[in-house]
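Labels below follow one simple rule: chain letters A, B, ... track the order of the sequence lines, proteins then strands, and each chain is numbered from 1. Keep in mind that the numbers below use all heavy atoms, side chains included, and drop hydrogens, waters and symmetry copies.
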Amino acid sequence: MTTPSTLQSQTPISSIREDSICTTDILEVAKLSRLAVDEEAAKNFADDIAKILDMMQTLSSVNTDNLTPLANVHEAAQELRADIPNADIDRELNQSVAPAVEQGLYLVPQVID
Amino acid sequence: MSDLHHLSVAQLADGLKTQQFSSLELTDHFLKRIHQLDDKINSFITVDEEGARKAAKAADEKRSSGDAAFLLGIPMAHKDLFCTKGLLTTSGSKMLHNFVSPYDATIVSNIREAGAVCLGKLNMDEFAMGSDNESSYYGAVHNPWDIERVPGGSSGGSAAAVAAGFVPFATGSDTGGSIRQPASFCGLTGIKPTYGSVSRFGMIAYASSLDQAGTFGRSAEDCAYLLQPMVGHDPRDATSIKREVPNYLTEMHTSAEQADANKPFAGLRIGIAKEYFGQGLDAEVDSNVRSALKQYEDLGATIVEVHITDPAITLATYYMLAPAEASSNLSRFDGVRFGYRCEQPKDLADLYTRSRSEGFGDEVQRRILMGTYALSAGYYDAYYTKAQKVRRLIVEDFKKAFEHCDVIASPTAPTAAYKLNTALDPVTMYLGDVYTIGVNLAGLPAISMPAGFTETGLPIGLQLIGNHWDDSKLLSTAHLFQQHTDYHTKLSATAQESI
Amino acid sequence: MTAITESNTTHQPVRKELLIDGYEVVIGIEIHCQLNTDSKIFSSSPTKFGNEPNTQANIVDLGLPGVLPVLNEGLIERALKFGIGVNAELGMLNTFDRKNYFYPDLPKGYQITQMANPIVGKGYIDIVVNEGEKNEYAKRIGITRGHLEEDAGKSVHDAVTGMTGIDLNRAGTPLIEIVSEPDMRSSKEAVAYIKAIHQLVTWLDISDAIMAEGSFRCDCNVSVRQPGEEFGTRTELKNLNSFRNIENAINREIERQIDIIEDGGSIIQATMLYDPEADETRIMRTKEDADDYRYFPDPDLLPVRIEQHTVDAIRASMPELPVIRRSRFEKDLGLSEYDARILTDSRDLADYFEAVIESVGTEHAKLTANWIMGDLLGALNKEDKDITKSPISTEQLAGLLKRLNDNTLSGKLAKQVFTALYDGEGGNDVDAADKIIDAKGLKQETDTGAIKAIVEEVIANNQAMVDEYKGGKEKAFNGLVGQVMKASRGKANPQQVNQILKEILD
Ligand SMILES: [Mg+2]
Ligand SMILES: [Zn+2]
């Protein structure tokens, strides 16, 4: 009764990084993620993530040649929303959770564009 | 009335209906237990005593004026990632330590409309990332069976609260096993429904394509009572699917009535995959799950061997996709419109980086970094796209397996509850999810139910996985099993404590 | 008009006359066009903004924890109309992606857009460059794609001292981003292309497309090269808010780039800002600062599949496109290319014209065109109004033209009636022209006997002029006509006056 595995073909792919993630990679990614990570922390994260990426190596063994990526199990067409506006918006309530508000505006340190 | 917390939901409903007790008395009973016993469990982040008593009084009034809603006046509590209007909603994070949600999640209002009384918000791993509830900003949760041990995670507070007898049932969320694994560790029944059956609107996202809300109870029947009002299409969630909602309770009770007394499971094919009984599985868990499956067989079920995707590959796929989605989902926590903002930001960059680094804990930051890395330009195809393709394989493998069986059985977790502060390295911790994550990747429903105990008396869970939209079948199957066994009736140490 | 050539991005024939100091200019354009739905792209907030900040942004637009997007169905129809309008391949499978970056006006930390599967694929639009001038020519410009996306909010810099304020009213406003091929070879071609797209989206009524209000924003990618060489490094001119600014900014940027290259430098890929005051372009940020956007499919939104019958229904419901209408005006109504083009400038104008024609008859198309283009548009232009604000309805104008055609009015009298109509003297009545003619007694005198009597009287009173005419001074004849017209208070039919006067004198 065993069903045939779809994972039999073990063609390795070379696209997964051979060398592991380093502190510099983490610092780069931290910048993209807007996280303040210092060298020390970056090193620790790099060690952890290197181990995780090691675990991911197993993905290379899976033959995915004829497969399309799956983003969400329900690929059925979604229900759309009718174009009906609803102006019932409580700004005071919504801004009651904001760290800094003045004149109805959310405040951030000055941005020069 | 000292043992009201031992009653099943059906018994509570009956007690309210026949006026053996009022909702207020019931609510006060549970609130009192929380006050006296939760210090050592730490399952609640917020206890809404005032709101709960108010709701209980209103429920009593409604009942006296003829409202006979089944859940009317029955207490419950929500995992703290469901937004509750006017009530602190933290997602277990310092980032939201001050976030009093301005709106209700769809399931929160659905459950309220069904009449249940919310006692408060339950502890959890920060942003639902974790398997032991130790990543919460609000402290670790202790397992009511042994307070030296973890309750599991990420819905550890929900599991612990139900197991401790603080609420009859509770909501949780499950992205990679976050309902089933804590249910298993805490001797409860927990269901993770089919993806798309329960609205995600108002549930703070971890990984959107995997997250699904579900329930904890001491039995499948209790789970079903709370799940029923949660299920159904929500026009505010584009991934919630429009289809008819079965009445779980009716189907469960009908199937129990119609079942053969000696062979109630006649005709049920249970798939067993050897991949789920391999390396890393604790021997006691293995033997208990096997003997529970033997009971199923004795009760008429047929065991068939099926094949599913190598759990190592499934695990790798999950830990590629989930952090990638999370890294993007958690970008909105930037200290601008809500939540934590660092002191005295000197400029915008400083505002962002300090608010986020100070507001997020280590595990969350690790997953954001990991996810950002997987999505970044150089690695996107090698990592993210590859994992999405493998995801399709995992779905296909399950589909094939379900050609041969009705449900697939496995241990819920490789071990029983382990000690607090075990300080597992991330990979070892992730391995604890190995039996549960495939279900999320495939969007399937699955239930965990008590199926034995270790020598030291820790609960062990059995997982049943169903095909898409077979949620009712899973609940009925678990219910039927519970009609013939008593694993689910055992109480934790804390639940046995009277006040 | 030159024949339209196929859009061929890299190997267009080089137009020598467009070269600047021997350099060929290459321009590609991205237009962010706001689609005119009532509610936002992924939330039910209204798209009509009040002035109060953050009053038109609901919890979904604010990106509060737990909220989810749901696509507005009104966008599908609008985007498909555009796609059909630019002869494009339509995206029958639509998916949505997240573009991740941090900015305070971007509430979720990502913009939902369509990267992989846009609703509008490859297409083209035909443009006319130097319209109405001697060096006019036609050209086909390739459209790369058109995708749906959400707009960001606004940063407010002057409201609170030392701080930037964030107003998210605009966040989530639906946009279609229209990306062209780098097919344009001069600032004039760029402007002609933008005008053509602008005309199309307003014609299809899918956008208000008001540049000054930001509902139609153009980013121009400009580079220069020696003809035949690979594309040069491009810079992007952002947020140009008028046709004049677009043309000037591109010209200044071309000059800047050529200067750099001529001085032996090289162009750095950058985002440029045009300062209309100084009339110069300046570097806003260079490519090195650019984020890695980490596009990936938005797991909150499922694919949207468009059915063929939906496309067919939309195609059937679409108005005749401007190009087609223009050629019909030329072929079927005998209008000149110039007239046809002006009358198809907007759909409202073309509709107005056709409504009048319907009533007065196609044989009077030229006359109708003249009155609309001359008198009516002239008067409206003076008040900076468009045809939709015309105080004269199509029925009223038709009523006037009918009286001209049946000789009730002379051209001169008709102008008087027109002025009265324009000033609202006829009210809203369909037969306003007739009422004005009656009330003012403006009816033309066509009775031969009556005119003859006046003519004879004028001859009797102006013997000197008569003598001059008879002496061979042709001009004196006009003087006599004028006298007759004056005596009839402008009402005598001029042709008849001419004829009778000639009969008597000759
Ligand atoms: Mg762009
Ligand atoms: Zn754009």
Side-chain angles (χ1 to χ4, degrees), chain A residues 1-7 13 15-17 21 25-26 28-37 41 44-45 48-49 51-62 64 67-74 76 78-81 90 93-100 106-111, chain B residues 99-100 102 195-196 209 235 238-239 241-242 304-307 309-310 312-313 315-317 319-320 327 335-338 341 345 347-348 351-354 356-357 365-366 368-370 372-373 376 379 381-382 385-393 395-397 400-401 404 425-427 442-443:
Chain A
M1 284 297 250
T2 306
T3 55
S5 172
T6 39
L7 301 173
I13 56 153
S15 44
I16 288 198
R17 254 184 90 146
I21 190 165
D25 294 326
I26 292 293
E28 196 116 309
V29 171
K31 202 175 147 196
L32 277 178
S33 314
R34 299 299 186 274
L35 290 171
V37 174
N44 291 334
F45 280 128
D48 284 343
I49 293 177
K51 281 187 209 133
I52 299 167
L53 289 172
D54 254 5
M55 174 187 91
M56 309 273 177
Q57 284 298 330
T58 178
L59 288 178
S60 323
S61 68
V62 185
T64 51
L67 290 166
T68 51
L70 179 71
N72 193 302
V73 285
H74 295 307
Q78 65 170 314
E79 294 277 326
L80 303 183
R81 184 175 51 77
D90 188 341
L93 177 64
N94 292 339
Q95 295 194 330
S96 66
V97 292
Y106 294 100
L107 296 189
V108 297
Q110 195 144 44
V111 183
Chain B
F99 182 68
V100 176
Y195 183 86
S209 79
T239 63
I241 305 296
K242 213 174 217 176
V304 297
E305 194 185 326
V306 293
H307 193 90
T309 312
D310 178 352
I313 287 167
L315 193 72
T317 306
Y319 278 101
M320 188 62 76
S327 71
V336 177
R337 297 163 319 284
F338 49 79
R341 172 181 285 204
D347 56 23
L348 183 67
L351 166 69
Y352 281 155
T353 56
R354 275 206 295 129
R356 288 168 62 78
S357 296
Q365 294 193 43
R366 180 161 36 241
I368 291 174
L369 292 170
M370 173 69 215
T372 304
Y373 183 71
S376 61
Y379 312 106
D381 278 330
T385 311
K386 178 78 184 176
Q388 280 198 322
K389 288 179 178 175
V390 179
R391 184 175 185 183
R392 191 176 292 279
L393 271 188
V395 172
E396 294 298 318
D397 277 350
K400 283 183 196 149
H404 302 276
D425 72 275
V427 173

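The distance from the CD1 atom of A:Ile21 to the CE atom of B:Met370 is 7.5 Å, given to the nearest 0.5 Å. The OH atom of B:Tyr373 lies 12.5 Å from the CG atom of A:Leu32; values are rounded to the nearest 0.5 Å. The OG1 atom of A:Thr68 sits 3.5 Å away from the CZ atom of B:Arg392 when rounded to the nearest 0.5 Å. Expressed to the nearest 0.5 Å, how far OG1 of B:Thr372 lies from CZ of A:Arg34 amounts to 10.5 Å.
Heavy-atom minimum distance, A:Ala36 versus B:Ser357: N-OG, 2.5 Å. The minimum heavy-atom distance between A:Phe45 and B:Gln365, with the atom names listed, is CZ-CB, 3.8 Å. B:Gly335 approaches A:Pro99 most closely through the heavy-atom pair O-CG, 3.5 Å. For the residue pair B:Tyr319 and A:Met55, the shortest heavy atom distance occurs at CB-CE, 3.8 Å. Among all heavy-atom pairs drawn from A:Val97 and B:Val100, the shortest one is CG1-O, 3.2 Å. Of all heavy-atom pairs between A:Pro69 and B:Gln388, the closest is CB-OE1, 3.2 Å.
Using a 4.5 Å cut-off between heavy atoms, B:Ile241 contacts chain A through its side chain alone, with no backbone atom that close. Within the 4.5 angstrom heavy-atom criterion, only side-chain atoms of B:Pro426, from C-beta onward, approach chain A. No part of A:Leu80 comes within reach of chain B, as not one of its non-hydrogen atoms sits under 4.5 angstrom from that chain. Within the 4.5 angstrom heavy-atom criterion, only side-chain atoms of B:Leu351, from C-beta onward, approach chain A. In this structure, the portions of B:Val336 lying under 4.5 Å from any heavy atom of chain A include both its backbone and its side chain. Both the backbone and the side chain of B:Thr239 come within contact range of chain A, judged by heavy atoms closer than 4.5 Å. Contacts between A:Ser96 and chain B at a heavy-atom distance below 4.5 Å are absent for every atom of the residue.
Within a 6.0 Å radius of CD in A:Glu28, no more than 12 heavy atoms belonging to other residues, nucleotides or ligands are found. For A:Lys51, the NZ atom is densely surrounded, since the number of other residues' heavy atoms within 6.0 Å is greater than 12.
Using a 4.5 Å heavy-atom threshold, the side chains of A:Val108 and B:Arg341 count as touching. Counting heavy atoms from C-beta outward, B:Lys386 and A:Thr64 have side chains that approach closer than 4.5 Å. Between A:Leu59 and B:Thr317, some side-chain heavy-atom pair lies under the 4.5 Å cut-off.
With sequence neighbours excluded, the residues satisfying side chain to side chain donor-acceptor pair (under 3.5 Å) with A:Asn72 are B:Tyr195.
When the candidates A:Val73, A:Ile49, A:Leu93, A:Leu35 are compared by the number of heavy-atom contacts under 4.5 Å with chain B, A:Leu35 comes out ahead.
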